[in-house]
Amino acid sequence: MLDINLLRNNLKELQFNLKRRGFNLDQKKFEKLDTERKKYQIESESLQEKSNTLAREIAQEKNQDHKDQKLQEAKKISAEIKKLKSNLDSSIKRLNDFLLEIPNLLADDVPEGNTEENNLVLYEKGNIPKFNFEIKDHQELGELFNGINFEESVTIAKSRFVVFRREIAKLHRALIQYMLDTHVNEGYEEIYVPYLVNVDSLKGTGQLPKFEEDLFKISNEEMYLIPTAEVPVSNIYRNKILNSDELPIRYVAHTPCFRSEAGSYGKDTKGIIRQHQFDKVELVKFVHPEDSDDELENLTADAERILINLNLPYRKVILCSGDTGFASSKTYDLEVWFPSQKTYREISSCSNFGDFQSRRMKIRIKQSKNNILCHTLNGSGLAVGRTLAAILENYQTEKGSIIVPDVLIDYMDGTKELNLSR
RNA sequence: GGAGAGGUGGCUGAGUGGUUGAAAGCGCUCCCCUGCUAAGGGAGUAUGUGGUAAUCCUGCAUCGAGGGUUCGAAUCCCUCCCUCUCCGCCA
C-alpha cells in the first residue's frame, strides 16, 4: 500500500510513476473518496467530542432537571453519531479498498517496457555446456531413472503434481539441505513456518485482495496454502515495532509452495517447471529504509552464489516496469540455462518492496519521535524443483547418467554420479 | 473434542459503569547532583488516525478481535480468536 499522503500531495509524480507499469490512477475517484472521508470524519468526530463533553457533564450534574435535559440531548446526539459513524466507516472502507489495489512505485532504475521481452539482461555467467550427443530433457532423464513420475501423481492428486523417487528424491532433498546450510553460513537465520496462512497475512504481503485466483483455499476454514514462504516469514512481525539495533533481520526458510496456476493452461506442460506444488528455499529481510537498495544487491548475490557453486550457467535480469510484480519496487530475476529448451528460465526472483508491504503489515522501527516503516525484501534462494531440473539437464552424460555437482557430493553420501539403476 | 481460569502500556500489575489513555513498581530517555562508580533528586516515556506545511497545538479512536446495551464501557451482554490447567484423542 502506498502512503496516502503521496496521493494527496504528490499525485502527478505518482501517476507518472504508476503509468510506467500501465496502471492508471484515477485522480477524480481518489479525490472524491478522500473528500468524502474527510467530511464524514470531521462531522462525526466533532459530534463525538460534543457527546463526550456532555457525558462528563451528566456525571457531575447535581440538579435533576438539568440532568434530565442533558440526558435528552445526549440521546439525540448519540443516535446521530451512529448514523455518521456508519457513513464514515463505509467511506473509509471504500478509500482503503481503492488504496489496496494500487501497485507499488517503481525504483528509478527500473527499465521501461510492457512485457518480459523488455526485461534487461545485465550479464550471463557460467559456461553453457556443449553436448556432442542427442540430449534429453529433464523429464526424459528423470523417467529413465524412474525417479520422476507423473502418472502416480495424477492418480494421487492431478496434473501439475509430481512424484520423485530414489536418487532424484534424494537429490531434491540434498539441494534443500545445501541451500539452507549455505545461507545460514552467510548469516541468515533458519526458520520453519506454517504452510497455511490467514487472510490478514496474505493482505500483508499483497497477494490479497487482488490475486485470490492464484491461491489454493482451504474449504473448511478461512485459510490458504502458501504460494511462497514470503507470506508466513514476512508476516512474523506484522503489527510489531522493531528496535533499530535488531536490524537487519535475515531469515531463510524452506517450504513447499502451492499455486493454482490459473490462466497458464498451455504453459510448460512438460516436466516439472510449472507445478501446483514445488519446494523453495526463500530469503527474507527486514531492513532500515536507507539500507534496502544495498540489501537487494546482497540478497541477489546470495541467491546467485548457489548457482555459481552448482556451476550452472545463468543470467541476471532486471525486470522492466511492466513485468515487475505488484508489491515490488525493483526485481532482479536469476534465470538458469535449460539445454533442452535452449533458453534461460527463471529460478529466482529477488525484490525490494520498500515500505509497501510493511505499511500493510504495520511493521515499524522504533524512533525517538515518530516511528518509521521498515523495508522488506525477499528472493528465492533457489526454487528447488527448477534447480533439480537444471542439474539433470546440464549435468547429463552421453550414457544417460548424471554427474553430481561437487558441492552436493557430501549431501549425496559421497555419490559422484547417478547411474541408471537398472 | 469436554470442563474450568484468563487475555490491561516495553515488562510486572491495579482497576467491575462517570475527567481512566489507564494507579503503582520495574525498565528506558533527558536534566541536576557527584572526582569516577554506586546511590540520590527532577522531568519525560503507548499506538493509530484527523484538523494542519508542521516533530508546537489540538480532536477522535484503541485495555485480545468484532458486535450489542447505555447519555457514558477496560468494567455489563453476545460471537469469535488466543493462552493456561485438567480430562479425552493423537504424530
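In what follows, chains carry the letters A, B, and so on, assigned in the order in which the sequence lines appear, proteins first and then strands, with residues in each chain numbered from 1. Because the structure is predicted, anything quoted here is derived from the model rather than measured.
Between A/Tyr251 and A/Tyr237, the ring-plane angle classifies as parallel under the 30° and 60° cut-offs. Taking the six-membered ring where tryptophan is involved, the planes of A/Phe164 and A/His172 are tilted, since the angle between them lies from 30° to 60°.
Here the side chain of A/Arg37 pairs no donor or acceptor atom with the backbone of A/Leu88 at under 3.5 angstrom.
Ionic pairing of A/Asp200 and A/Lys203 is not present here: no N-O contact between side-chain nitrogen and carboxylate oxygen is shorter than 4.0 angstrom. A salt bridge links A/Asp268 with A/Arg345: at least one charged nitrogen is closer than 4.0 Å to a carboxylate oxygen.
If you take atom P in B/rC11 and the same atom in B/rG35, they sit 39 Å apart, rounded to whole Å. With both ends at atom C1', the span from B/rG21 to B/rU75 equals 15 Å, rounded to whole Å. Separating the P atom of B/rC86 from that of B/rC80 is a span of 25 Å, rounded to the nearest Å. The separation of B/rG25 from B/rG68, taken at their P atoms, amounts to 39 Å, rounded to a whole angstrom. B/rU47 and B/rG10: their P atoms are spaced 8 Å apart (whole Å). Spacing between B/rG72 and B/rG64 at atom C1', rounded to whole Å, works out to 23 Å. With C1' as the reference atom, B/rU19 and B/rC30 are 29 Å apart, rounded to whole Å. Taking atom P on both nucleotides, B/rA65 is separated from B/rC82 by 15 Å, rounded to a whole Å.
Both distances falling under 3.5 Å, in either a Watson-Crick or a G-U wobble arrangement, place B/rU47 opposite B/rA61. With a 3.5 Å ceiling on both atom-pair distances, B/rU16 lacks any Watson-Crick or G-U wobble partner. B/rG10: Watson-Crick or G-U partner is B/rC26, with both key distances under 3.5 Å. Taking a pair to require two hydrogen-bonding distances under 3.5 Å in either a Watson-Crick or a G-U wobble arrangement, B/rG21 remains unpaired. A 3.5 Å limit on both hydrogen-bonding distances identifies B/rG2 as the Watson-Crick or G-U partner of B/rC86. Pairing for B/rA39 is absent, with no Watson-Crick or G-U wobble pair whose two atom distances lie under 3.5 Å. Base-pair partner of B/rC56: not found among the strands shown (Watson-Crick or G-U wobble, both distances under 3.5 Å). When Watson-Crick and G-U wobble pairs are counted only if both distances are under 3.5 Å, B/rA74 pairs with no nucleotide at all.
Closest to the side chain of A/Ile42, out of B/rG51, B/rG72, B/rA46, is B/rG51. Listed candidates were B/rC71, B/rU49, B/rU47. Nearest to the side chain of A/Ala55 is B/rC71. Among the nucleotides B/rG18, B/rC71, B/rG48, the one closest to any side-chain atom of A/Ala59 is B/rG18. Here B/rG50 is the nucleotide among B/rU47, B/rU19, B/rG50 with the atom lying nearest to any side-chain atom of A/Arg37. In the set B/rG59, B/rU19, B/rC71, B/rG59 carries the atom at the smallest distance from any side-chain atom of A/Gln41. Comparing B/rC71, B/rU47, B/rC60 by their closest approach to the side chain of A/Gln48 singles out B/rC60. Comparing B/rG51, B/rG50, B/rA61 by their closest approach to the side chain of A/Asn52 singles out B/rA61. For A/Lys38, taking side-chain heavy atoms from C-beta onward, the closest of the listed nucleotides B/rG51, B/rU49, B/rG18 is B/rG51. Residue A/Asn371 places its side chain closer to B/rU47 than to any other of B/rC71, B/rU47, B/rC60. Listed nucleotides: B/rG50, B/rC71, B/rG59. Nearest to the side chain of A/Glu49: B/rG59.
Between A/Lys75 and B/rC71 there is a side-chain polar atom (N or O) within less than 4.0 angstrom of OP1 or OP2. Taking side-chain N and O atoms only, A/Ser44 has no distance below 4.0 Å to OP1 or OP2 of B/rC60. The side chain of A/Arg8 contributes an N or O atom lying less than 4.0 Å from OP1 or OP2 of B/rG50. At the phosphate of B/rU69, OP1 or OP2 sits under 4.0 Å from a side-chain N or O atom of A/Lys82.
When only modelled atom types and interatomic distance are considered, A/Gln48 and A/Asn52 share a side-chain donor-acceptor pair under 3.5 Å. Side-chain N/O atoms of A/Arg238 and A/Ser201 include a donor and acceptor closer than 3.5 Å.
Across all strands shown, A/Lys366 has heavy atoms under 4.0 Å from sugar-phosphate atoms exclusively, and none from any base.
Nearest-nucleotide positions on RNA chain B for A/Asn5 and A/Ala74 put A/Asn5 closer to the 5' end. Where A/Ile241 and A/Ile58 meet RNA chain B, the nucleotide closest to each residue was compared, and A/Ile241 sits on the side nearer the 5' end.
The base of B/rG59 sits with one of its N or O atoms less than 3.5 Å from a complementary donor or acceptor on the side chain of A/Glu45.
Checked against the 6.0 Å centroid criterion, the rings of A/Phe326 and A/Phe356 qualify as a close aromatic pair.
Rounded to whole Å, atom P of B/rC60 lies 13 Å from atom NZ of A/Lys50. Atom NZ in A/Lys67 sits roughly 12 Å away from atom P in B/rG18 (whole-Å rounding). Atom CG in A/Asn198 sits about 10 Å away from atom P in B/rC82, given to the nearest Å.
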